[in-house]
Number of protein chains: 2
Amino acid sequence: MATIRQVADIAGVSVATVSRTLQQPERVSPKTRARVTSAIEQTGYKPNLMAVKFRSGKTHSLVVLVPTIANLFFARVINGMQEAAAERGYSLLLGNTQGNPELEAEYVKLVQTSQADGVIQLRAHNPFASMNADAGALLPMVNACEVLESTAFPTVTLDNQRAAKSMTEYLLSLGHTRIGLIKGPNSSPLTQERLRGYQQALASANIPFDDALLFDGDFTLQSGFDAAKKMLTQPDRPTALFCENDETAIGAMQALKQAGLRIPDDVSVAGFDDIAFSGYADPPLTTIAQPAEEFGHTAVSLLVDVLNGKIKKAPRVIMPHELVVRDSTGPAPTTCI
Amino acid sequence: MATIRQVADIAGVSVATVSRTLQQPERVSPKTRARVTSAIEQTGYKPNLMAVKFRSGKTHSLVVLVPTIANLFFARVINGMQEAAAERGYSLLLGNTQGNPELEAEYVKLVQTSQADGVIQLRAHNPFASMNADAGALLPMVNACEVLESTAFPTVTLDNQRAAKSMTEYLLSLGHTRIGLIKGPNSSPLTQERLRGYQQALASANIPFDDALLFDGDFTLQSGFDAAKKMLTQPDRPTALFCENDETAIGAMQALKQAGLRIPDDVSVAGFDDIAFSGYADPPLTTIAQPAEEFGHTAVSLLVDVLNGKIKKAPRVIMPHELVVRDSTGPAPTTCI
DNA sequence: ACTGAAAATGTAACGGATTACATTTTACAA
DNA sequence: TTGTAAAATGTAATCCGTTACATTTTCAGT
């Protein structure tokens, strides 16, 4: 690969002139500029951006910490980040953490070792275990999607509590009074927020909270399937099932259908996220739509602002959500089965 | 951030000693080593890896060109790459190309500008348009999943033709003679290979090929839905539908069910990829399973070998596939509807 | 205590691009 | 033609860690 020096030699100028031809062409006379340009073409010279980055101290790379990209909601968010990053001249370094704090720390180290400018966290598994207390405070990081109450970082999130509340209210409005909830992993703040929304809605409707209606899940299809199976073995089975994400809901529907139940006639099922598959589920899934790509855009935009020192206080951006009613929810059956 | 020189000053040694303490501790006396280590801790010194990479000329980053990560098969492949890359000390730079050759070229440029060591392409959209002819031949690149016959790059792929053939044979063995095929994008070599396998199986069974049975798709849920709708308007409708990926199949099933058809009683549907959702579709989808994570592992492993000069000839690794029979396929109906 | 080899440590060049500052060239006015 | 400011170009320092080579220290053997 040609270097700036070779180009300079061929053009018969100094390296400074070559650099200026590229950076501020108006500062170079047209004649020289032509010679340099020709030399650049001749050699196929491309500036070694490692050198540029090294010298400038800016890598223009952002680390994205994500538990797994085999999750369609995250995939959409990352697509959004990708777009926004590309627009701003940044690349994305993908850090699949599998929820493993050690791997997380490994990726955070990329920033500490000047290999990346900042970090975006998609799931706040345990953000503080992953970094030295001292470095933590200064780390250029934003939290997206899942947010610990305590973080001092800019965040972009949903009002998960309100969203879960409105879904629960919707189910209540259909006449359901026993509403099962399939949770996400308990370690996730998001799970707690959605649970709180669910409880709030029940409380407002004066329906006592029954924790026999709570089922553990981990946002996977399988866990939804398992949770629904478990639910079916219980006496006084719920007439509606609110799942904290769509994968879980789709897994649950499968288990319910296998058991011979009709959706929504016998049981209503609702999800959260509105992934593409939800519209093609059988029946199409009622869910909460989130602007996933926008999450990505906003997160990148916030982080870049932090990097450019445009942000003093850590803002908290709340993205809008929308209740998408499809066919998986319906009026509560008049007689309990 | 502390530099090696600051550490050296604090420890009262030269920068070389600090470097050696980190790289080859046995070459430094225990006493000095202790002083240096303490200075490192004191300052929280971490080597600036941009400097290291710049000097070594190795970035230990790999670019992954992927049309979209919102595709579960790709997501699994990328997860696999991630693992393999991490094991070998590499990071992944995600390049979402949206099938856009310009964006593709943009990412390939990362290698040409020494920001990445190599490229893995997941969809051979048009690999040669994206790079200068001269640079192309030397580019450290591997092709995964989709492969142009002509490439001179190491590849890891499936025998798509054989896989499609065996799926078609399986459908034939169920008594289907009119088998529809929902294709992927025509630009994709993979589409052609699978089509060829389909044709081959028909030919072996002495069934004339009818291109009214071919439907265009683009690997999305929506395109499967649309293709199936279109199919339904045709006279002499097929009794089986082979879709070139699972998303398409799931979309198609939705359209068929909406039209009142029962699967597999009225129409059999088969997919390709075996994404997680396929097992939870209604009915669970018959498909071809691919070792997605292994694709990722192998691709990274090949690329790293190329980078280390361990590979002379471009190998072509064929991964195994498996016919997964579930409930979406069954015997051909005796009377056509 | 002295020699010599081995061990420990230091010095400085290097990688490629940028840029402050220095120098040369150009162009125009007097 | 000369002087001068502006424009063009060049020189060399800089970013930070690595490492070949140079120098100093240590220590066993005598």
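Chain A is the first sequence line, chain B the second, and so forth, proteins listed ahead of strands; every chain is numbered from 1. Computed from a predicted structure; not experimentally measured.
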Validation: residues 50-59 of chain B side-chain donor-acceptor distances under 3.5 Å, sequence neighbours left out:
residue	atom	partner	partner atom	Å
Lys53(B)	NZ	Gln115(A)	OE1	2.5
Lys53(B)	NZ	Thr59(B)	O	2.9
Ser56(B)	OG	Val52(B)	O	3.1
Ser56(B)	OG	Lys53(B)	O	3.3
Ser56(B)	OG	Lys58(B)	N	3.2
Ser56(B)	OG	Lys58(B)	O	3.4
Thr59(B)	OG1	Ser61(B)	N	3.2
Thr59(B)	OG1	Asp117(B)	N	3.2
Thr59(B)	OG1	Asp117(B)	OD1	2.8

Legend entry - Pair Ser188(A)-Glu146(A), side-chain donor/acceptor within less than 3.5 Å: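 Their side chains do contain a donor-acceptor pair, which is all the 3.5 Å distance test asks for.
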Legend entry - pair Ile78(A)-Ile69(A): side-chain heavy atoms closer than 4.5 Å: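 With C-beta onward as the side chain, the pair touches.
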Legend entry - Heavy-atom side-chain proximity of Arg88(A) to His60(A) below 4.5 angstrom: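 Result no, sub-4.5 Å side-chain heavy-atom pair not found.
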Inset, instruction - Would you classify Val18(A) as touching base, sugar-phosphate or nothing, given that sugar-phosphate means primed atoms plus P, OP1 and OP2, and contacts are heavy atoms under 4.0 Å? - result: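 It contacts nothing in the nucleic acid.
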Inset, instruction - Between protein and nucleotides 13-26 of chain D, map the contacts as a letter string: B base, S sugar-phosphate only, - none, heavy atoms under 4.0 Å, written 5' to 3'. - result: -BBBBBB-------
Inset, instruction - Give the rounded distance in Å between these two atoms: CZ of Arg33(B) and C1' of dA7(C). - result: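 Interatomic distance, CZ of Arg33(B) to C1' of dA7(C): 13 Å.
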Inset, instruction - Check for a donor-acceptor pair, side chain of Arg35(A) on one end and backbone N or O of Ala11(A) on the other, with a separation under 3.5 Å. - result: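 Yes: the side chain of Arg35(A) pairs with the backbone of Ala11(A).
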